[in-house]
Visitor: 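This is the structure I have questions about; it appears just below.
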Amino acid sequence: MNLNYFEARKKIKCGPLFPAYLFYGEETFLSKDLLQLLTATYLGEDSSFGLEKVEGDALNLSEAMQRLTGGNLFAPRQLLVVERPSYLAPPRPGRTEATRDRETSEEAEDTGQSAPVEKEGLEQLERFLARESAAAPPQNIIVFVCPAVDRRKKIFKLISSKGLTVDCSPLNREDLARWIRERAALSGKTIARDALEQLLWSGSGDLWHLANE
């Protein structure tokens, strides 16, 4: 399931929760906000023990799955966040279109590892998704956070079909106005129309700056 930021917030708050999430896009404020909401919703008071963050290139996919399913003595639920994994990223600049297409095709057919997502890791992720989807809520959740992804990759399609993928691209003007109104509502406030227009016409699309304002 692929949703936008607003749809994802509603889905996380109302449920059901998924065993795998992918927050992708350049707007880091949105991905961090979704991660914070998911952590609070899923772990609650256990977040200090059940949450772990790792750099994507510190562990390959197989190692990440083993880390998540290895168990935790201090938390009944675990949430593992994998940040900027290269195996979800678009092809590196300089590759020809033919090379990119060949690598994507090889990955889809599981005939090679040039994508680079190792076959074992994909199989472990697939088994994990099948097992955890049967639980309500899942006992373990894995979250991938990437500034950009290759939607053609098998891992993206797998997470999208069995989990939740969320596009965290910069907001257009209409969505930005909605974000400002909802942000004010979270503080128990209602923003006046002229104040809203002033923020929109300020020319700043930086959500961190607008949140402070």
Side-chain angles (χ1 to χ4, degrees), residues 1-2 8 12 16-25 28 31-32 34-35 38-39 42-43 46-47 49-92 95 99-168:
M1 184 181 299
N2 190 57
I12 292 172
L17 295 177
F18 294 87
Y21 291 81
L22 167 58
F23 303 146
Y24 67 94
T28 58
S31 59
K32 288 183 181 296
L34 290 174
L35 179 58
L38 176 61
T39 301
Y42 180 59
L43 296 178
D46 293 326
S47 60
F49 295 106
L51 176 64
E52 181 181 4
K53 296 182 180 181
V54 297
E55 282 293 325
D57 290 338
L59 302 173
N60 62 32
L61 182 57
S62 179
E63 292 169 336
M65 299 311 304
Q66 292 172 15
R67 175 77 65 90
L68 180 60
T69 57
N72 188 322
L73 295 176
F74 301 101
R77 297 178 180 176
Q78 294 184 88
L79 193 157
L80 176 66
V81 181
V82 183
E83 299 183 322
R84 296 176 293 277
S86 58
Y87 48 77
L88 271 160
R92 295 188 299 272
R95 280 197 175 103
T99 301
R100 292 194 298 267
D101 291 342
R102 184 178 70 251
E103 290 179 351
T104 302
S105 176
E106 287 174 350
E107 182 200 31
E109 297 172 5
D110 287 335
T111 59
Q113 300 180 20
S114 58
V117 183
E118 79 280 9
K119 183 179 179 180
E120 181 183 357
L122 281 172
E123 292 175 345
Q124 288 179 316
L125 177 60
E126 194 165 10
R127 290 194 298 269
F128 168 81
L129 291 171
R131 181 178 65 251
E132 293 292 344
S133 294
Q139 287 299 110
N140 301 284
I141 290 179
I142 188 167
V143 181
F144 301 94
V145 182
C146 305
V149 297
D150 188 342
R151 295 167 62 98
R152 301 172 302 171
K153 287 191 172 184
K154 185 175 181 179
I155 184 174
F156 180 92
K157 296 175 181 178
L158 179 60
I159 298 171
S160 182
S161 65
K162 301 295 184 179
L164 186 66
T165 57
V166 186
D167 187 350
C168 296

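Keep in mind that this is a model prediction, so the values were computed, not measured.
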Visitor: Using 0.5 Å steps for rounding, measure from the CG atom of Leu59 to the CZ atom of Arg67.
Guide: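 Answer rounded to 0.5 Å: 5.0 Å.
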
Visitor: Residues in side-chain contact (heavy atoms from CB on, under 4.5 Å) with Lys32, at least two apart?
Guide: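 For Lys32 the side-chain contact (heavy atoms from CB on, under 4.5 Å) partners, ignoring immediate neighbours, are Trp208.
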
Visitor: Tell me, please, which residues at least two apart from Glu120 pass side-chain contact (heavy atoms from CB on, under 4.5 Å).
Guide: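 Per chain and number, Glu120 pairs via side-chain contact (heavy atoms from CB on, under 4.5 Å) with Ser62, Gln66, Glu118, Gln124.
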
Visitor: Whether the side chain of Ser31 engages the backbone of Thr28 through a donor-acceptor N/O pair (distance < 3.5 Å, no angle test) should be reported.
Guide: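 Yes; at least one donor-acceptor contact below 3.5 Å.
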
Visitor: Shortest non-hydrogen contact from Ser86 to Lys153?
Guide: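 Reported closest heavy-atom pair: O-NZ, 4.0 Å.
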
Visitor: Could I get the full list of ring pair (Phe, Tyr, Trp, His ring centres under 6.0 Å) partners for Tyr24, not counting sequence neighbours?
Guide: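 Only Phe156 meet the ring pair (Phe, Tyr, Trp, His ring centres under 6.0 Å) criterion with Tyr24.
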
Visitor: Please name all residues satisfying salt bridge (charged side-chain N to carboxylate O under 4.0 Å, His left out) with Glu126, sequence neighbours left out, ordered by chain then number.
Guide: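 Glu126: no salt bridge (charged side-chain N to carboxylate O under 4.0 Å, His left out) contacts found.
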
Visitor: State, yes or no, whether a side-chain contact exists between Leu38 and Leu17 at a heavy-atom distance under 4.5 Å.
Guide: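 When only atoms from C-beta onward are counted, Leu17 and Leu38 do touch, with a gap below 4.5 Å.
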
Visitor: Just so I know, are the side chains of Val143 and Thr39 near enough to count as touching, which here means a heavy-atom distance under 4.5 Å?
Guide: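 No, too far: nothing below the 4.5 Å cut-off.
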
Visitor: Would you check if Arg151 and Asn2 make a side-chain contact, meaning some heavy-atom pair closer than 4.5 Å?
Guide: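 Result yes, sub-4.5 Å side-chain heavy-atom pair found.
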
Visitor: Which pair of non-hydrogen atoms, one from Ala89 and one from Asp150, has the smallest distance, and what is that distance?
Guide: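 Closest approach of Ala89 to Asp150, heavy atoms only: O-CB, 3.8 Å.
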
Visitor: So how far is it from Ile155 CD1 to Leu61 CG, rounded to the nearest 0.5 Å?
Guide: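 Going from CD1 on Ile155 over to CG on Leu61, the span is 4.5 Å.
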
Visitor: What verdict does the side chain to side chain contact (heavy atoms under 4.5 Å, CB included) test give for Ile142 and Ile159, after you've listed the backbone C-alpha separation in whole Å, the side-chain angles of each residue and the deciding distance to 0.1 Å?
Guide: CA-CA 10 Å; Ile142 188 167; Ile159 298 171; over 6 Å; no

Visitor: Just to verify, what does Asn140 make a side-chain contact (heavy atoms from CB on, under 4.5 Å) with, not counting sequence neighbours?
Guide: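 If we apply the side-chain contact (heavy atoms from CB on, under 4.5 Å) test to Asn140, skipping adjacent residues, the hits are Leu68, Gln78, Phe128, Glu132.
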
Visitor: Show the nearest heavy-atom pair for residues Val82 and Gly56, with the distance to one decimal.
Guide: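 Where Val82 meets Gly56 most closely, the heavy atoms are CG1-CA, 3.6 Å.
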
Visitor: Listed by chain and number, what are the salt bridge (charged side-chain N to carboxylate O under 4.0 Å, His left out) partners of Arg84, not counting sequence neighbours?
Guide: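 Only Glu55 meet the salt bridge (charged side-chain N to carboxylate O under 4.0 Å, His left out) criterion with Arg84.
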
Visitor: Looking at Phe23 and Cys168, what are the two nearest heavy atoms and their distance?
Guide: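 Shortest heavy-atom contact: CB-SG, 4.2 Å.
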
Visitor: Over all heavy atoms of both residues, which pair between Pro19 and Leu129 is shortest? Give the atoms and the distance, please.
Guide: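 Where Pro19 meets Leu129 most closely, the heavy atoms are CG-CD2, 3.7 Å.
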
Visitor: Could you tell me whether the side chain of Glu63 reaches within less than 4.5 Å of the side chain of Val54, counting heavy atoms only?
Guide: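 They are not in side-chain contact.
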
Visitor: Using 30° and 60° as the class limits, which term best fits the ring planes of Tyr21 and Phe18: parallel, tilted or perpendicular?
Guide: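 Geometry flag for Phe18 against Tyr21: perpendicular rings.
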
Visitor: Kindly give the heavy-atom pair with the smallest separation between Gly50 and Leu43, and that separation in Å.
Guide: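 It is C-CD1, 3.7 Å.
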
